[in-house]
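Numbering of ligands and ligand atoms starts at 1, following listing order.
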Amino acid sequence: MYEVDRRYLLSALGSLTAAGLLPWRASAAEIRPRNLIADPRFPNPPFTLGVASGDPDAEGFVIWTRLAPLPLEPDGGMMMAPVLVAWEVAADPAFRQILQRGEAIAHPELAHSVHVELTGLAPARPYWYRFSCGGERSAAGRGATLPPAGAPLDRVRFAVAGCQHYEEGYYTAWRHIAAEPIDFVFHYGDYIYEGPDRGAQPRSPKQKPIVRRHLGHEIYAIGDYRQRYAQYKSDPDLQAAHAAAPWFVSFDDHEIDNNWAGDIDQDNTAPEVFRTRRAMAMQAYYEHMPLRRSSMPDGSHMQMYRGARFGDLMDAFFLDTRQYRSDQVYGDRDAAQGPDAFAPNRTITGAAQEAWLFKGLDRSKARWNLIAQQVCLMNLGYHKPGNPEQLVSMDQWSGYMDSRRRLLGHIDARCPGNVMTVSGDAHRHYAGDLIQDHGNGKIISSEYLATSISSGADGVGEDDDYTRSSRAENPHLKALTDRRGYVLCDVGRDLWRGDLKVLDTIATRDGTLSTHASFTCERGKPGLQPS
Ligand SMILES: [Fe+2]
């Protein structure tokens, strides 16, 4: 009887909405578990981890929250049962004009996270969303839909950021990103770090100074990962950046383990054992990110490479350079670029992702194409004092030269002059041009590698051997600095501008933001020009 009534009610609501008689649209109901708690009571307000939106398209985006009344306690202080959560989407920040309302279920299996995939919204405009549960209401977040693919668009702006070691500094950069007039954030990864609490006192002179401490030991089990996300996500500046704009997120290594590659970790753990850790880490990652259901992990794999289209202005390709890569060579140390780094049977993307990317670039009719990924694509060599060998990183594209040659060869042949790449992971700002291998070859594309939000503490600026050597040995590298911050991209019809934003300190919460360097690139003329 109830089922019949509900179906009748939904179809009646649908026709009323279609006729424009109702201001909001009812969402399709999720299957309700028998043990669902519809009106829970909490010891504290449950929305302690903020809200987020992500993966927008022209008709919607994901809205996210997680119920955690006691965020650092086991299970976030939640009862072990599914809980009903209400959500609403409005046309204005004061929620005067509610456009959609619905209910979602926060499952204990997914750490009481909520992922709602909104549909049916108008393109190219902002929306505001919020959740309520047990008489409590979340903060409001701001999301936005994209313009329809191919529609005329003059401008898109975004921030590139990542590497946010909680212990090494405050998230002042996120507070500034929250205030930037951007369309989206690309997070290239290292959202959490898996390492242990380092203790109040430095254990060695090389240890970076810390401003706050991780809870617990190195994280291995799903409860550990959940607690680590809860600790990071309790930060108000990070919450402000999530609430301000939709994000496209990707993971790098520290969401699971330092420098992992495919089934292999850095400690020589048996692959089948490492995969169990990877599965738990990926589940916790999904639980805490505004990702679509299509990215939900299936065991130890999750689908993370995906695209987005911004009108006729920009097609974006978000890559995953961790899950499908071959193991690093030369012991995963910075090493001379020997033949193993060029071996054609090694890959950083895997064949399927590479084919997807190349096909997408071939089909793109947009003015620009963005390749957004995790690790440095420039092939940068440097010398350590007293060591005659030129060294490159074996964890970046410089350790996967066959993949690199194929990608740059494809860009050069099929879409010259309209591809830009952004990346991160190296805890310094790098901006430069992309050429095949080394030397002074033809400029094919350019790269902005965004420095860290906090990893590396305050840094040393440009006054160190590594910077001097890198600048001297890589003429296509146009800027390099060891400071914390983010990259801002401002994409127009003919000009792509990039600003390297830096903070003077993250040891206190009141660091001052400035622009270290700015470049522009003209469509059709590859190469960064100082601006
Ligand atoms: Fe990092």
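Residue side and main chain included, H427 places an N/O/S atom under 2.8 Å of the Fe ion (ligand 1). For a distance bound of 2.8 Å, the N, O or S atoms of S452 include none lying that close to the Fe ion (ligand 1). Taking backbone and side-chain atoms together, H254 has no N/O/S atom less than 2.8 Å away from the Fe ion (ligand 1).
Centroid-to-centroid, the aromatic rings of W496 and F519 stay 6.0 Å apart or farther.
T515 and D499 form no side-chain donor-acceptor contact under 3.5 Å, judged by distance and modelled atom types alone.
In summary, R484 and D504 do not engage in a salt bridge, as defined by a charged side-chain N under 4.0 Å from a carboxylate O.
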### Task
Starting from the C-alpha separation in whole Å, work towards a yes-or-no answer on side-chain hydrogen bond (donor to acceptor under 3.5 Å, both in side chains) for Q303 and S295.
CA-CA 5 Å; Q303 178 64 41; S295 289; over 6 Å; no
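Atom OD2 is the N, O or S atom of D190 at the shortest distance from the Fe ion (ligand 1).
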